[in-house]
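Take a look at the following structure, please.
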Amino acid sequence: LMIKLSQILKAVNTKLKETFPKIEIDSKDLSEKFNRPSFRTELDGLKTSAFMTTFKERHFTIRIYFYTTSANKGREERLKISDEIENAFLGTLWITDTFAIPIDEIEFEETEDGVLIASFRKCFIQMYP
């Protein structure tokens, strides 16, 4: 069973919806008007390599962006969201009923304009289909 990157991102979005039912997950381009508070998610830094000819090794980073209720404000709101993201994601992220990714470290940073970014780097090895 080959896990698709889109399945991983969908699992992240599902976990966010369960944890923060009142906060929208927005997919609009940042140049468009978007609602606050809201989340955006992305999967980047992808690197795939062959491993012992029958497996493929995938490295990637999942990023969760949180836009506070008011731009450039919301230190307390960011801290609260950071705590809740930790509680929701540290441990095991189930991608399907039978496949999970362990998450043992989440990095938090803040942009100059007050956007919270939570990210975790992962790697897993799968057998080629």
Side-chain angles (χ1 to χ4, degrees):
L1 176 72
M2 192 54 70
I3 297 298
K4 294 183 176 91
L5 297 172
S6 59
Q7 286 175 286
I8 296 169
L9 203 53
K10 185 173 185 247
V12 169
N13 288 341
T14 299
K15 179 65 93 171
L16 281 173
K17 279 181 193 138
E18 289 167 4
T19 309
F20 305 98
K22 292 185 171 101
I23 301 177
E24 185 179 337
I25 299 170
D26 203 332
S27 57
K28 290 190 194 91
D29 189 292
L30 282 179
S31 61
E32 298 175 52
K33 190 174 180 343
F34 60 92
N35 295 331
R36 286 179 174 269
S38 65
F39 287 105
R40 266 195 182 71
T41 57
E42 68 180 36
L43 196 148
D44 64 18
L46 181 63
K47 183 179 119 190
T48 304
S49 50
F51 180 74
M52 295 172 51
T53 69
T54 53
F55 296 92
K56 78 174 170 183
E57 183 177 20
R58 296 174 116 176
H59 296 259
F60 56 89
T61 301
I62 292 170
R63 290 185 212 292
I64 299 169
Y65 297 83
F66 174 67
Y67 298 86
T68 53
T69 305
S70 333
N72 298 314
K73 290 196 186 108
R75 179 90 188 116
E76 204 171 301
E77 188 180 13
R78 283 189 297 273
L79 289 172
K80 182 176 178 282
I81 294 292
S82 296
D83 281 341
E84 292 180 39
I85 286 174
E86 278 177 16
N87 293 338
F89 286 94
L90 274 179
T92 304
L93 176 64
W94 286 95
I95 309 303
T96 67
D97 291 341
T98 56
F99 185 84
I101 296 174
I103 297 175
D104 44 19
E105 182 178 77
I106 303 173
E107 288 180 36
F108 291 93
E109 57 187 295
E110 229 172 84
T111 64
E112 284 177 20
D113 54 352
V115 177
L116 174 70
I117 306 170
S119 58
F120 35 98
R121 284 190 264 286
K122 288 313 312 166
C123 166
F124 65 90
I125 297 173
Q126 284 186 292
M127 190 173 272
Y128 281 113

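Keep in mind it's a predicted model, so treat the numbers as computed, not measured. Nothing fancy with the numbering, it's 1 onward along the sequence.
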| So Phe120 and Phe89, would you call those rings parallel, tilted or perpendicular, with 30° and 60° as cut-offs? |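 Rings of Phe120 and Phe89: tilted, as their planes differ by 30° to 60°.
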
| message | Just so I know, are the side chains of Ser70 and Arg36 near enough to count as touching, which here means a heavy-atom distance under 4.5 Å? | response |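 No, too far: nothing below the 4.5 Å cut-off.
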
| query | If you look at every heavy atom in Ala100 and Thr92, which pair is closest and at what distance? | reply |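 Nearest heavy atoms, Ala100 then Thr92: CB-CG2, 3.3 Å.
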
| Phe108: what forms a ring-ring contact (aromatic ring centres under 6.0 Å, His included) with it, not counting sequence neighbours? |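 ring-ring contact (aromatic ring centres under 6.0 Å, His included) list for Phe108, sorted by chain: empty.
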
| request: Apply ring-ring contact (aromatic ring centres under 6.0 Å, His included) to Phe39 and list each qualifying residue two or more places apart in sequence or on a separate chain. | output: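 Phe39 satisfies ring-ring contact (aromatic ring centres under 6.0 Å, His included) with Phe20, Phe66 only.
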
| task | Quick one: which residue pairs count as a side-chain hydrogen bond (donor to acceptor under 3.5 Å, both in side chains) with a foot in residues 113-125, not counting sequence neighbours? | result |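 Output for this query lists Glu107-Arg121, Thr111-Asp113.
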
| message | Can you pull out every side-chain hydrogen bond (donor to acceptor under 3.5 Å, both in side chains) where at least one residue sits in residues 76-85? Sequence neighbours excluded, please. | response |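 Passing the test, one end in residues 76-85: Thr69-Glu77, Arg78-Glu110, Lys80-Glu84.
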
| said: Let me check something: do Ile95 and Leu46 share a hydrophobic cluster, defined by ILVMFWY side-chain heavy atoms less than 4.5 Å apart, either directly or through other members? | reply: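 Yes, same cluster.
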
| request: Tell me, please, which residues at least two apart from Asn87 pass side chain to side chain donor-acceptor pair (under 3.5 Å). | output: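 For Asn87, no residue satisfies side chain to side chain donor-acceptor pair (under 3.5 Å) once neighbours in sequence are set aside.
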
| Do Trp94 and Phe124 share a hydrophobic cluster (ILVMFWY, side-chain heavy atoms under 4.5 Å, transitive)? |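 No, separate clusters.
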
| said: Considering only residues two or more places apart or on different chains, which pairs with a residue in residues 43-53 satisfy salt bridge (Lys or Arg N to Asp or Glu O under 4.0 Å)? | reply: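 For residues 43-53, and leaving out neighbouring residues, the salt bridge (Lys or Arg N to Asp or Glu O under 4.0 Å) pairs sorted by first residue read Asp44-Arg63.
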
| Interatomic distance, Asp26 atom CG to Asn35 atom CG [nearest 0.5 angstrom] |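 It comes to 6.5 Å.
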
| request: Report the residues that fulfil side chain to side chain donor-acceptor pair (under 3.5 Å) with Glu42, sequence neighbours left out, ordered by chain and then residue number. | output: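 Glu42 satisfies side chain to side chain donor-acceptor pair (under 3.5 Å) with Tyr65 once adjacent residues are dropped.
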
| task | Measure the OH-CD distance between Tyr67 and Glu24 for me, rounded to the nearest 0.5 Å. | result |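 Going from OH on Tyr67 over to CD on Glu24, the span is 12.5 Å.
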
Going by atom type alone, with no hydrogens or angles, which donor-acceptor pairs under 3.5 Å involve a side-chain atom of residues 4-17 and a protein atom two or more places apart or on another chain?
residue	atom	partner	partner atom	Å
Gln7	OE1	Lys4	N	2.7
Asn13	OD1	Thr41	OG1	2.7
Thr14	OG1	Lys10	O	2.9

| said: I need the Thr48 OG1 to Glu57 CD distance, nearest 0.5 Å. | reply: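 With rounding to 0.5 Å, OG1 (Thr48) is 9.5 Å from CD (Glu57).
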
| So do Ile101 and Ile3 actually touch side chain to side chain, heavy atoms under 4.5 Å? |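 Sidechains of Ile101 and Ile3: no contact.
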
| query | At their closest point, which heavy atom of Pro37 faces which heavy atom of Ile23, and how far apart are they? | reply |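 Looks like O-CG2, 3.7 Å.
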
| Inter-residue atom distance Ile85.CD1 - Ile64.CD1, 0.5 Å rounding |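 Between Ile85 CD1 and Ile64 CD1, I get 5.0 Å after rounding to 0.5 Å.
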
